[in-house]
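Note sheet for the following structure.
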Amino acid sequence: MSDARRVRRSWSDARKREIVAASLEPGASVSVIARRYDVNTNLLFIWRRLYRDGLLAEPGAGLPSLLPITITGEQAEKPSSVASDAGRVEIELPRGYRIRVDAGIDGKALRCILDALERR
């Protein structure tokens, strides 16, 4: 029996993000990506969860960012503005920012706004 010990590798956050990004590409197989980068598949799933929860993402890294949202049944007591609020979405960010967005907003513009707030 060999006395060789298994050495644990250390992965930088940048490298983890690179591997996660590859696994998030359309049509990508997590197991294939894990083999390509010589990473345990279960570890890659952990990294993906960390990324999804915002614990691995680097602001402005260009990767899709998922934010927690809360949908409430509350309605504002503004009868005169009901028609103008149709199609409006309110986004509350973890640091206390609140954004109200009309349905017609350009997705790229919204991404720029969210990225700017995330870097603060």
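Nothing fancy with the numbering, it's 1 onward along the sequence.
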Exercise. Compare all side-chain heavy atoms of Asp38 with those of Arg9 and state whether any distance is below 4.5 angstrom.
Key: yes
Practice problem: Measure from the side-chain N and O atoms of Arg48 to the backbone N and O of Ser23, and report whether any donor-acceptor pair falls under 3.5 Å. | Solution: yes
How long is the gap from [atom1] on [X] to [atom2] on [Y], to the nearest 0.5 Å?
X: Lys16; Y: Leu50; atom1: NZ; atom2: CG; answer: 7.0 Å
X: Ile19; Y: Trp11; atom1: CD1; atom2: CH2; answer: 4.5 Å
X: Leu44; Y: Tyr51; atom1: CG; atom2: OH; answer: 13.5 Å
X: Arg35; Y: Ser29; atom1: CZ; atom2: OG; answer: 6.5 Å
X: Asp13; Y: Leu55; atom1: CG; atom2: CG; answer: 10.0 Å

Self-check item: Within one Ile-Leu-Val-Met-Phe-Trp-Tyr cluster: Val32 and Leu43, side-chain cutoff 4.5 Å
Solution: no
Self-check item: Ala22 versus Ala28, closest heavy-atom pair with distance
Solution: O-CB, 3.4 Å
Exercise. Search all heavy atoms of Thr41 against all heavy atoms of Ala34 and return the closest pair with its distance.
Key: OG1-CB, 3.6 Å
